[in-house]
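Indexing begins at 1, ligand by ligand and atom by atom, following the structure's order. This is a predicted model, so every value here is computed, not measured. No hydrogens, no waters, no symmetry mates; every other heavy atom, side chains included, goes into these values.
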Amino acid sequence: MKGVSAVILAAGQGKRMKSALPKVAHVVLGKPVVWHVARAARAAGIREIVFVLGYGRDKVLPTVEAFDGKVAIQESQFGTGDAVRCGIAELSAGAKEVVVLCGDAPLVRPATIRTLVLARRRKRAAASVLTGIVPQPAGYGRVVRAPDGAVAKIVEERDADAATRKIREVNAGTYAFDRSFLKRGLPRLGDVNAQREYYLTDLVVEALAEGTCVVPVIAGDPEDVLGINSRRELAEAASILRKRKIDALMDSGVTFPAPERTYVESDVRVGQDVIIDPGVMLLGNTRVGRGARIQTGCVVEDSVIGEGAHLKPYTVITGSKVGKNAVLGPFSHLRPESVIGEGAHIGNFVEVKKSRIGKGSKANHLSYLGDATVGKKVNVGAGTITCNYDGIRKHPTVLGDGVFVGSDTMLVAPVTVGKGALIGAGSTITKNVPPYALAVCRAEEKVIEQWVARKKPELLKKAGLPVPPVDVKEE
Ligand code: UD1
Ligand code: CA
């Protein structure tokens, strides 16, 4: 939207949150509240975004950076009118229209922002304002309409009389302004009200005094106007955003057998025909390829799951990449920088850290693979451990293609096992193994005939076994 800039009000502390963190920096669906507001503005086609910051501004800066925004500082919070005055000082010369958004209202939709801008333009009005007709208007500014339906004024809850408080049409705190009107109108605002603040909402009266008006746009969905002032409202917003995200994924071809019990954060992308079971959490910058299956209890963060991969229950994956058709879990754990090859299998109680597992390789039971490079079609037996840490440094383990590692093997890194080699079960491997070799390293087995019958016959009795006659000569 050419010539349209946004000012996001985010300087307040938000006392009712009872928090050291500024209200707008609280996280909802994996992102700060104000991030959702900025994203809506950007998605509406607004390039320039000015963030008005004050209380706890450092905590809001990451969002400013994420949107390549500008910062205006409002040292003391003298009200929303004062905040916008600070904000417009940072606007570029090209900004002819200004969308003002509350940093604490993360449910605003891009389409609504566009509608607001167009509604103002169409009437060549000073401003347009988003309103919502809500069942519980308490806490919001009430929209007072003139007999002809025009907005006569907006009255804050604390300044409202009993009759005004009954009005269910509330101010969402989202507006589109003609910039020159803002410039003229803001200095005229007074602070004679219950909170001794400069109310942005008083611009309605200024517009009428100029012979123009503020065009009301009623939100299609009253939940869109929700402003977050308390932890309860934070949770409410989270649940609405979560539902919207999952609805959007279902519309794009993802199956959720129990959508109300599944948690998917804002930036997660999921391909068609993926099935996501209840109890799954997909977090951060996660991508899931077509046809994957993610079963209950899986937690996947900042990871890429390949097409057709299958995550069995309770698999936890962070910062890793899972290849096509790989099968993980139940109870697998991929720690950061793990790359699982196509069709590989990682099974129960297998932990993988900063390792590459080649195509078609298997580590199915009770293993730790850290700082390892595992080739193709390798079999890692149950209980295999890469001893990668000597107390000071981490060391690498390399297993060539087709290596067979017997169960309960300790691979003391740094160590390399050449392709096609075989490691006997129970070995502790400290030296490199050449390709195609057998390495086995265990104490020789000692068998003493009849020992139990002679020394511990009570064990046999306990097990209900007959005690064989003992050969006396051996005694
Ligand atoms: C404001 C509106 C109210 C509307 C509601 C919608 C005014 C006077 N009132 O009330 O009509 O129904 O939003 O949620 O505008 N902020 C600043 N600097 C300030 C004051 C506020 O940056 O000096 C920021 C806050 O950080 C917040 C936003 O503006 O993100 C809204 O402020 P808040 O104090 O929550 O306003 P409300 O009382 O909710
Ligand atoms: Ca508010």
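Ligand 1 has no N or O atom lying under 3.5 Å from any N or O atom of G227, backbone or side chain. Ligand 1 has no nitrogen or oxygen under 3.5 angstrom from a nitrogen or oxygen of V225. Considering backbone and side-chain N/O of A83, none are found under 3.5 Å from N/O of ligand 1. An N or O contact shorter than 3.5 Å is missing between G139 and ligand 1 by distance. Of the polar atoms of S76, none of the N or O atoms is found under 3.5 Å from an N or O of ligand 1, judged by distance alone. The shortest N or O to N or O distance between T80 and ligand 1 is below 3.5 Å.
When the heavy-atom distances from atom 24 (C) of ligand 1 to V7, V129, L9 are ranked, the shortest goes to L9.
At least one heavy atom of K23 sits less than 4.0 Å from an atom of ligand 1. Ligand 1 is never approached by V170 to a heavy-atom distance shorter than 4.0 Å. Using a 4.0 angstrom heavy-atom cutoff, T201 counts as in contact with ligand 1. Proximity of A105 to ligand 1 is not established, as no heavy-atom distance is less than 4.0 Å.
Atoms of ligand 1 lying under 4.0 Å from at least one heavy atom of N229, given by number and element, are 35 (O). Atoms of ligand 1 lying under 4.0 Å from any heavy atom of F78, numbered from 1 in the order shown and given with element: 23 (O). Here is the list of ligand 1 atoms found below 4.0 Å of a heavy atom in G12: 17 (C), 22 (O), 25 (C), 26 (O). Numbered from 1 in the order shown, with element, the atoms of ligand 1 that lie under 4.0 Å from a heavy atom of D104 read 27 (C), 30 (O), 35 (O). In summary, the atoms of ligand 1 found under 4.0 Å from a heavy atom of G141, numbered by their order in the structure, are 3 (C), 4 (C), 11 (O), 12 (O). Numbered from 1 in the order shown, with element, the atoms of ligand 1 that lie under 4.0 Å from a heavy atom of C102 read 28 (C), 31 (C). Each of the following atoms of ligand 1 lies closer than 4.0 Å to a heavy atom of Q77: 18 (N), 19 (C), 23 (O).
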Would you please test L234 and M17 for side-chain contact (heavy atoms from CB on, under 4.5 Å) and show each step?
CA-CA 9 Å; L234 186 70; M17 292 298 284; 4.1 Å; yes

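No side-chain donor-acceptor contact under 3.5 Å links T262 to the backbone of V280. Under the 3.5 Å distance criterion, the side-chain polar atoms of T131 are left unmatched by any main-chain donor or acceptor of E169.
Heavy atoms of A172 found under 4.0 angstrom from ligand 1 belong exclusively to the backbone. At a heavy-atom distance under 4.0 Å, only side-chain atoms of E156, from C-beta outward, approach ligand 1.
A salt bridge links D224 with R244: the closest approach of a Lys/Arg side-chain nitrogen to an acidic carboxylate oxygen falls below 4.0 angstrom. Residues R293 and D277 are paired through a salt bridge, judged by an N-O separation under 4.0 Å between the basic side chain and the carboxylate. A salt bridge links R184 to E210: at least one charged side-chain nitrogen sits closer than 4.0 Å to a carboxylate oxygen. Ionic pairing of E157 and R142 is present here: one or more N-O contacts between side-chain nitrogen and carboxylate oxygen are shorter than 4.0 angstrom. E197 and R158 are not joined by a salt bridge, as no carboxylate oxygen comes within less than 4.0 angstrom of a charged side-chain nitrogen. Ion pairing between E342 and K376 fails under the 4.0 Å rule for side-chain N and carboxylate O.
Between F331 and Y314, the angle of the ring planes stays under 30°, which puts this pair in the parallel group of the 30/60° scheme.
Residues P110 and R114 are not in side-chain contact: their nearest non-hydrogen atoms beyond the backbone lie 4.5 Å or more apart.
Within a 6.0 Å sphere centred on NZ of K245, heavy atoms belonging to other residues, nucleotides or ligands number more than 12.
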